[in-house]
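Below is one structure, written out as structure tokens; comments come after it.
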Protein chains: 2
Amino acid sequence: MSTAHSARARARIEVTAAIKDEARRQLAAEGAAKLSLRAVARELGMVSSALYRYFPSRDDLLTALIIDAYDSVGEAAETALGAAGDADPVERWTVVCEAVRTWALAHPHEYALIYGTPIPGYVAPETTVPAAARVALVLIGIVRDARMGPGLDLPPLPADLEAEAERMAADFASDLPPAVAPALVAAWAQLFGLIGFELFGQFHRVVEEREAFFRNAARHLAHGVGLS
Amino acid sequence: MSTAHSARARARIEVTAAIKDEARRQLAAEGAAKLSLRAVARELGMVSSALYRYFPSRDDLLTALIIDAYDSVGEAAETALGAAGDADPVERWTVVCEAVRTWALAHPHEYALIYGTPIPGYVAPETTVPAAARVALVLIGIVRDARMGPGLDLPPLPADLEAEAERMAADFASDLPPAVAPALVAAWAQLFGLIGFELFGQFHRVVEEREAFFRNAARHLAHGVGLS
DNA sequence: TCCAAAGCGAGAGCGGCGCTCTCTTTTCGG
DNA sequence: CCGAAAAGAGAGCGCCGCTCTCGCTTTGGA
């Protein structure tokens with residue numbers, strides 16, 4: 001299906017990819033705020049208006065980069081899980097967390113693009129949802145697999161969360177006890193709190209041994225979702 | 001000391017404040033990325049170049065807003081702690097977390113300014129440090145006070161974190177057991193992970209009962225630092 | 001096979017941005 | 001009172017996102 005329908009169609013695919021590649025380069029070098037369509041076009045030897053044949057606006061180009069970034073970090077998580085083999089659940093969880101952190105440190109501007117301040121006035125189209133979910137699905141999978149082994153052990157939920165927990169579980173963890181759903185979501189958000197603080201400089205002069213610190217925190221997150 | 005040295009000095013203070021106020025208005029309305037010196041000047045009836053007499057660059061204006069934002073959220077946390085009176089430590093911790101969240105929901109763009117993606121190429125001057133520390137100091141204080149009551153109970157640290165924990169504790173929690181320091185830092189980062197995810201839309205279609213969800217997560221964070 | 005339609009690149013241009021420089025007016029302190 | 005410092009105005013530089021028009025090329029159906 002990727003075979004050409006026509007020379008023009010093939011060219012379009014290639015130019016689109018070239019634009020994204022150059023945009024990704026500039027994103028990595030300078031950050032999303034300094035990514036400019038004109039600079040991308042210049043680097044590609046086109047005139048800036050020609051670029052609008054491929055992306056109707058700067059935001060659309062960013063959206064493409066956002067999806068790629070979600071897929072990139074999702075793939076990093078999935079690969080790490082695969083490489084973890086049959087280690088115990090806590091170790092699998094920790095390894096995946098570390099993979100996400102490593103990816104973030106290697107791609108700080110792409111991380112910022114997806115987990116940092118949203119582009120003002122920009123609303124992520126639904127297209128991004130499947131890519132965005134990949135990391136979360138990996139984490140959920142670890143808990144799911146662990147359930148086959150030793151049971152999960154979680155504190156009871158407050159009454160005002162029971163209905164919500166059941167709704168959540170029905171959405172994305174229907175084969176797990178409801179109490180695990182809010183714990184998972186919280187751990188998921190907290191994981192990115194740890195990574196974001198490190199990446200965005202809040203740990204400056206606060207945390208020095210960052211690998212050890214993170215690993216320890218990630219293990220505690222695992223316990224928080226009932227792994228042991 | 002705020003009494004005028006001269007009419008000019010007084011005017012300078014007033015104009016500086018007016019610029020910050022208008023900038024804050026635009027920040028709240030449109031976000032940091034759309035905050036423009038020219039628009040601020042226009043709204044104030046000045047020409048844009050005149051504004052450079054007060055702030056040498058857009059980044060300097062942003063720095064001023066950043067410090068104000070840190071102070072604002074810090075004050076919110078301190079006020080909440082004051083109002084919590086002599087509630088038990090977990091409740092005090094939770095109330096402070098909720099106050100930070102409430103502030104963030106009320107001031108999303110200011111939150112993004114301080115806890116979101118850093119301005120590209122921008123390095124926060126040391127000036128911001130004391131203001132930035134206020135929330136953290138409130139949280140540390142709660143744990144410190146709790147230590148006077150029932151003891152903290154924390155799992156042992158892995159060997160590769162012991163030295164780091166002692167260094168951390170010496171820095172900002174010298175009267176607490178070293179093991180609490182990394183737990184506190186992690187909880188601090190995780191708190192802002194929860195808030196950031198809610199604020200930046202990651203909880204869209206995931207968490208519905210957000211107050212209850214957050215309160216529960218905040219209580220678990222409290223347990224994570226040894227409160228009970 | 002031909003031809004209208006669609007795709008595409010180039011160029012000029014609009015309004016906005018941060019920032020600089022120069023010039024004039026106002027104010028201040030010795 | 002007067003020289004210096006501060007402040008505002010205005011023009012201008014090089015960016016930016018985005019639009020529009022104009023030709024050239026490719027394409028697919030009659």
Side-chain angles (χ1 to χ4, degrees), chain A residues 3-20 22-27 29-66 109 113 118-123, chain B residues 3-20 22-27 29-66 109 113 118-123:
Chain A
T3 53
H5 294 280
S6 74
R8 183 170 272 175
R10 236 182 306 126
R12 183 174 182 87
I13 289 170
E14 277 169 28
V15 174
T16 304
I19 292 170
K20 287 211 314 195
E22 177 58 28
R24 209 181 341 265
R25 266 201 53 256
Q26 297 195 11
L27 172 66
E30 300 272 13
K34 295 205 176 173
L35 195 173
S36 98
L37 288 187
R38 290 180 108 111
V40 170
R42 212 180 299 129
E43 210 67 24
L44 262 48
M46 325 171 90
V47 86
S48 73
S49 61
L51 221 144
Y52 286 83
R53 301 278 182 199
Y54 299 87
F55 294 93
S57 79
R58 184 178 180 276
D59 275 4
D60 291 271
L61 178 52
L62 279 177
T63 300
L65 296 181
I66 285 172
H109 290 118
L113 194 59
I119 314 286
Y122 170 86
V123 182
Chain B
T3 53
H5 293 283
S6 74
R8 182 172 271 174
R10 237 181 307 127
R12 184 172 183 88
I13 290 170
E14 277 168 27
V15 174
T16 304
I19 292 170
K20 287 211 314 194
E22 177 58 29
R24 208 179 344 261
R25 268 200 54 255
Q26 297 194 12
L27 172 66
E30 300 273 13
K34 296 205 174 172
L35 196 173
S36 99
L37 288 186
R38 289 181 110 111
V40 170
R42 213 179 299 130
E43 210 67 23
L44 263 48
M46 325 172 89
V47 87
S48 72
S49 61
L51 219 145
Y52 286 81
R53 302 280 181 197
Y54 299 88
F55 295 93
S57 79
R58 183 177 180 277
D59 275 4
D60 291 271
L61 178 51
L62 278 177
T63 299
L65 296 182
I66 285 171
H109 290 117
L113 195 60
I119 313 286
Y122 169 87
V123 183

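Chain letters run A, B, ... following the sequence lines, proteins first and then strands; every chain starts at 1. Keep in mind that the numbers below use all heavy atoms, side chains included, and drop hydrogens, waters and symmetry copies.
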Rounded interatomic separation in angstrom, taking CG from A:Leu62 and P from D:dG17: 10 Å
Between A:Thr63 and A:Asp60, a side-chain donor and acceptor under 3.5 Å: no
A:Arg12 side chain near D:dT25 phosphate (N/O to OP1/OP2, under 4.0 Å): no
For B:His109 against B:Gly31, the heavy-atom pair lying closest together: CD2-CA, 3.3 Å
Whole-Å distance separating the CZ atom of A:Arg38 from the P atom of C:dC14: 13 Å
Separation between CG of B:Leu65 and NZ of B:Lys20, rounded to the nearest 0.5 Å: 7.0 Å
Note, A:Gln26 side chain near A:Glu22 side chain (heavy atom, < 4.5 Å): yes
4.5 Å side-chain heavy-atom contact, B:Tyr52 and B:Leu37: yes
Residues in side chain to side chain contact (heavy atoms under 4.5 Å, CB included) contact with B:Arg53, at least two apart in sequence or another chain: none
Could you pull out the protein-nucleic contacts involving nucleotides 26-30 of chain C (nitrogen or oxygen on both sides, under 3.5 Å)?
| residue | atom | partner | partner atom | Å |
| --- | --- | --- | --- | --- |
| C:dT26 | O2 | B:Arg8 | NH2 | 2.8 |
| C:dT27 | O4' | B:Arg8 | NH2 | 3.0 |
| C:dC28 | OP1 | B:Ala7 | N | 3.0 |
| C:dC28 | OP1 | B:Arg8 | N | 3.0 |

Whole-Å distance separating the CG atom of B:Leu51 from the P atom of C:dG18: 10 Å
Distance, rounded to the nearest Å, where A:Glu30 contributes CD and D:dC16 contributes P: 11 Å
Non-hydrogen atoms of B:Ala23 and B:Val40 that approach each other most closely: CA-CG2, 4.0 Å
Touch class at under 4.0 angstrom, heavy-atom based, for B:Arg58 against every strand present: sugar-phosphate
Of B:Val47 and A:Leu37, the one whose closest DNA chain D nucleotide lies more 5': B:Val47
Residue mapping more 5' on DNA chain D - nearest nucleotide basis, A:Ala39 or B:Met46: B:Met46
Whole-Å distance separating the CD1 atom of A:Ile13 from the P atom of C:dG7: 15 Å
Sugar-phosphate only, base, or nothing, as touched by A:Tyr54 at under 4.0 Å among non-hydrogen atoms: sugar-phosphate
Side chain to side chain contact (heavy atoms under 4.5 Å, CB included) between A:Arg8 and A:Arg12, intermediate numbers included: CA-CA 6 Å; A:Arg8 183 170 272 175; A:Arg12 183 174 182 87; 5.7 Å; no
Heavy-atom side-chain contact between B:Leu44 and B:Leu51 under 4.5 Å: no
Between protein and nucleotides 19-21 of chain D, what N or O pairs are separated by less than 3.5 Å?
none

Candidate nucleotides C:dA10, C:dC17, D:dC15, ranked by approach to the side chain of A:Ala50 - the nearest: C:dA10
Value in whole Å for how far the P atom of D:dG14 lies from NZ of A:Lys34: 19 Å
Atom-to-atom span, CD1 of B:Ile19 to P of D:dA7 - whole angstrom: 11 Å
Minimal non-hydrogen separation, A:Ala32 against A:Leu113, with atom names: CB-CD1, 3.7 Å
Nucleotide C:dG16, atom P - distance to CD of B:Glu43 in whole Å: 14 Å
Sugar-phosphate, base or nothing in reach of A:Leu35, heavy atoms under 4.0 Å: sugar-phosphate
